[in-house]
Amino acid sequence: MLSDIMELLDFNTTLLASVSILLGCCYFFALHQNKRARHNLPPCPARPWPLVGNIFNMEEDIRTLFKTWHKQCGDIFSIYFGSTLVVVVGGFSSIKEMFVQKGAVTSDRPGIFLNECIGMGDIGIAFSSGPLSKELRSTTLQILKEFGMGKNALAERIREEVNCYVNKLADLQGEPTDIQHFTHVSVSNVICSIIIGRQFSHEDPRHQNTTESLMNFAKNAKGAAAINFFPFLQHLPGDYFKAKVIKKSMGNVKDTLVKIISEIKDQESDDSVGNYIFSYRRKQNEKMKAGKRTFLDDANLVKTIIDLFGAGTETVASTIVWCVLYILCNPGVQTKIHEELDHELGQEKLPTMADQERLPYLGAVIKETQRLASVVPFSLTHQTREDVTIGNYVIPKGTSVIPDLDSVLHDPKIWGDDAEKFNPERFLCDDGSVLQKEEFIPFSIGGRICVGEAMAKMELFLFLSSMFQRFEFVSPDPSNLPSLKPDIGITAVPSPYKLSCIDRLKK
Ligand code: HEM
């Protein structure tokens, strides 16, 4: 009797599952055909399957996969995550057309799990759309500009942290070390000094905890990409897609920042130090007093600060760590950097922003690092607000669009046949100055271009010039150099490696 019921159940379950899959397939094909009929969609490099789309075509090495797909389909192609259409736009002219010329309708953001998991869906500077994102961008840019004006508080705060960082490296006394963690702690401390007006000690548990949570999030962000399209994955037992670890890491960052912001609120009378929170509140009050409609509220303040930490730490820290890695693999480059620094500054004078023009070779090294490392290879995903025509294609309203910056930064048509090699000379003009090239777009282009670009450039110059002035970086085992293979999530992070920082003052 029981076995009869089981058999019947099995039969019914199988029938139900088959019918569901069949209906799913029909729905997917109908949707797909309908979209294709209404819009001339960019080609798919691989056949999307019902329900799953191209999920099984995605490979670990996304960079090489997208390169192959561009070769096959041209600058623009379509892929499906489940039944969701995602368009990838590569090549400089297509990226410029899509995000600059058509930027008014391609600058929104789709909702993503990493914000939703902390209950902050589409607010804050980096993941909001429309007038909200415009107001937060212009407010943040104004505040950062105010910090960078006059005696340049921004550069001064970066220099303070650089000093501390360089001394930490000197304390290692040449012991082989992985500098990733140190570098993250220092770079996130620079953001701290802007946000709250003071730096933390490197040993401060709250600061360590926030930095570790951010690194943890970055390491696991790849898993969450699937959850954006298949939200049910977050509820599966275990944590294969890293939903729980991401939720915990982002929750940690949020809780710590909320506490810090409320502490700052209590010191509201002391505005002499200058920090992002005071400036934001001042602008909020001014608008409210003038009876202007504003999105500047506390929730947007908290989320914007989380975004600034998230966007400003991993990117700058990874670029620094990439630069040192390229140098280990190209020792001749380090010799030239040292010659330039010794000739222009010597050992006594610590570098300031005013020295940038005197150090063009270092400038070229930094640009070449940004180009080759391409630390945000696929930018942040945009979303179309209306149907967008590009070339012969029509991309429907509400489509997620990925700007493939990597395809531009590594394009041999722009950089030559050695585009995959580290060659700083390509950024030096005949007169010795640093080459400015329109196609150099590590910060993206258009309406959502990185708001931290100016600050990041200052950080990279001040950190790297001081590091090379003080140290010679050597590999503990020159016959077995570290791998140049990146780990690509939202950012392209170098695989862990060790190096020795030899103090040039003690040589
Ligand atoms: C080497 C360092 C950096 C690189 C390569 C970089 C690159 C990028 C890229 C590619 C985007 C996406 C642009 C788009 O959607 O089209 C972005 C956005 C953003 N970046 Fe950066 N970034 C860097 C440093 C920073 C720093 C230091 C900060 C903060 C102080 C920052 C804050 C932001 C913010 C808030 C956004 C979102 C802007 C928006 O959505 O409107 N970034 N960045």
Side-chain angles (χ1 to χ4, degrees), residues 89 95-96 98-100 102-103 106-110 112 115 122-141 143-145 147-148 154 157-158 161 183-184 186-195 214 218 275-276 300-301 303-323 366-383 400-409 440-464 490-493:
V89 180
I95 286 189
K96 194 171 169 189
M98 188 75 181
F99 302 105
V100 180
K102 310 226 153 92
T106 58
S107 296
D108 283 355
R109 299 275 192 216
I112 56 171
N115 298 314
D122 47 6
I123 60 171
I125 189 169
F127 298 95
S128 55
S129 299
L132 169 56
S133 95
K134 284 211 174 92
E135 186 174 6
L136 290 175
R137 276 184 69 90
S138 70
T139 306
T140 302
L141 281 166
I143 296 175
L144 290 178
K145 202 167 164 199
F147 281 131
L154 196 54
R157 285 178 202 183
I158 299 170
E161 183 56 43
T183 315
H184 275 78
S186 254
V187 171
S188 86
N189 223 1
V190 172
I191 311 252
C192 265
S193 73
I194 302 302
I195 305 288
L214 281 172
N275 66 46
Y276 184 92
N300 275 304
L301 172 63
K303 184 59 173 58
T304 298
I305 291 176
I306 295 177
D307 291 346
L308 290 172
F309 265 100
T313 303
E314 186 66 39
T315 47
V316 174
S318 290
T319 308
I320 293 171
V321 179
W322 272 117
C323 184
I366 295 175
K367 282 201 159 189
E368 179 65 348
T369 300
Q370 287 205 270
R371 183 195 70 78
L372 190 59
S374 174
V375 288
V376 197
F378 309 112
S379 192
L380 293 178
T381 306
H382 289 225
Q383 191 177 53
S400 294
V401 186
I402 298 178
D404 187 350
L405 305 181
D406 211 61
S407 69
V408 180
L409 295 172
F440 178 71
I441 53 166
F443 298 100
S444 189
I445 44 176
R448 296 308 286 250
I449 189 171
C450 174
V451 295
E453 177 174 357
M455 178 172 166
K457 285 179 174 166
M458 261 186 217
E459 287 183 272
L460 291 177
F461 175 75
L462 291 172
F463 268 88
L464 288 164
I490 296 178
T491 44
V493 181

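For reference, positions follow the sequence shown, starting with 1. The basis for the numbers below is simple: all heavy atoms, side chains too, and nothing from hydrogens, waters or symmetry mates. Every number for a ligand or one of its atoms is a count from 1 in the order of the listing. Here the structure is a predicted model, which means the values were calculated and not measured.
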| request: Give the numbers and elements of all ligand 1 atoms closer than 4.0 Å to a heavy atom of S444. | output: 10 (C), 13 (C), 14 (C), 16 (O)
| task | Mark up the atoms of ligand 1 that fall under 4.0 Å of a heavy atom belonging to M455, in ascending order. | result | 30 (C)
| task | With atom 38 (C) of ligand 1 as the reference point, say which of R137, E314, E453, K134 has the nearest heavy atom. | result | R137
| Spatial distance of atom CD (E459) from atom CD1 (I320) [nearest 0.5 Å] | 7.0 Å
| said: Between N275 and I194 (side chain of the first, backbone of the second, donor and acceptor by atom type, cut-off under 3.5 Å), is there such a pair? | reply: no
| said: Under a 3.5 Å distance rule, please check whether N189 uses its side chain to pair with a backbone N or O of C192 as donor and acceptor. | reply: no
| message | Using a 3.5 Å distance criterion without hydrogens, assess whether the side chain of S193 forms a donor-acceptor pair with backbone atoms of V190. | response | yes
| task | Return yes if a side-chain donor-acceptor contact under 3.5 Å exists between Y276 and T140, otherwise no. | result | yes
| task | Would you kindly say whether S128 and D122 are connected by a side-chain donor-acceptor distance under 3.5 Å? | result | no
| said: Can you confirm whether K102 is buried at NZ, in the sense that more than 12 heavy atoms of other residues, nucleotides or ligands lie under 6.0 Å from that atom? | reply: yes
| query | Do any N/O atoms on T319 end up under 3.5 angstrom from N/O atoms on ligand 1? | reply | no
| message | As an exercise, identify every atom of ligand 1 less than 4.0 angstrom from a heavy atom of A456. | response | 2 (C), 24 (C)
| message | If you apply the rule salt bridge (charged side-chain N to carboxylate O under 4.0 Å, His left out), what do you find for R157 with E161, and how did you get there? | response | CA-CA 6 Å; R157 285 178 202 183; E161 183 56 43; over 6 Å; no
| Just by modelled atom types, is the S374 backbone N or O under 3.5 Å from a matching donor or acceptor in the W322 side chain? | no
| said: Within the structure, is a non-hydrogen atom of Q370 found at a distance of less than 4.0 Å from ligand 1? | reply: yes
| said: If we ignore hydrogens and angles and just use 3.5 Å, is the side chain of D404 paired with the main-chain N or O of F378 as donor and acceptor? | reply: no
| query | Is the closest heavy-atom distance from P403 to ligand 1 below 4.0 Å? | reply | no
| message | Quick check on contacts: which atoms of ligand 1 are under 4.0 angstrom from a heavy atom of V375? | response | 5 (C)
| T315 to ligand 1: N or O pair under 3.5 Å? | no
| said: Would I125 count as a contact residue for ligand 1, given that I'm defining contact as a non-hydrogen atom of the residue lying under 4.0 Å from a ligand atom? | reply: yes
| task | Could you tell me whether L144 approaches ligand 1 through its side chain, its backbone, both or neither, with non-hydrogen atoms closer than 4.0 Å? | result | neither
| said: Polar contacts were defined as any N/O atom of the residue lying under 3.5 Å from an N/O atom of the ligand; does this apply to H382 and ligand 1? | reply: yes
| Is the closest heavy atom of P442 to ligand 1 under 4.0 Å? | yes
| Under 3.5 Å: N/O of E459 near N/O of ligand 1 | no
| said: Suppose I only count heavy atoms of R109 and a 4.0 Å limit; which atoms of ligand 1 are within that range? | reply: 14 (C), 15 (O), 39 (C), 40 (O)
| query | Heavy atom of T304 under 4.0 Å from ligand 1? | reply | no
| What are the atoms of ligand 1, with element, lying closer than 4.0 Å to any heavy atom of S379? | 10 (C), 12 (C), 13 (C), 14 (C), 15 (O), 16 (O)
| remark: Atoms of ligand 1 under 4.0 Å from any heavy atom of A126, numbered from 1 in the order shown, are 37 (C), 40 (O)
| Going by distance only, is there an N or O of R448 that falls short of 3.5 Å from an N or O of ligand 1? | yes
| request: Would you kindly say whether Q383 and S400 are connected by a side-chain donor-acceptor distance under 3.5 Å? | output: no
| Among A492, C450, S318, closest by any non-hydrogen atom to atom 43 (N) of ligand 1 | C450
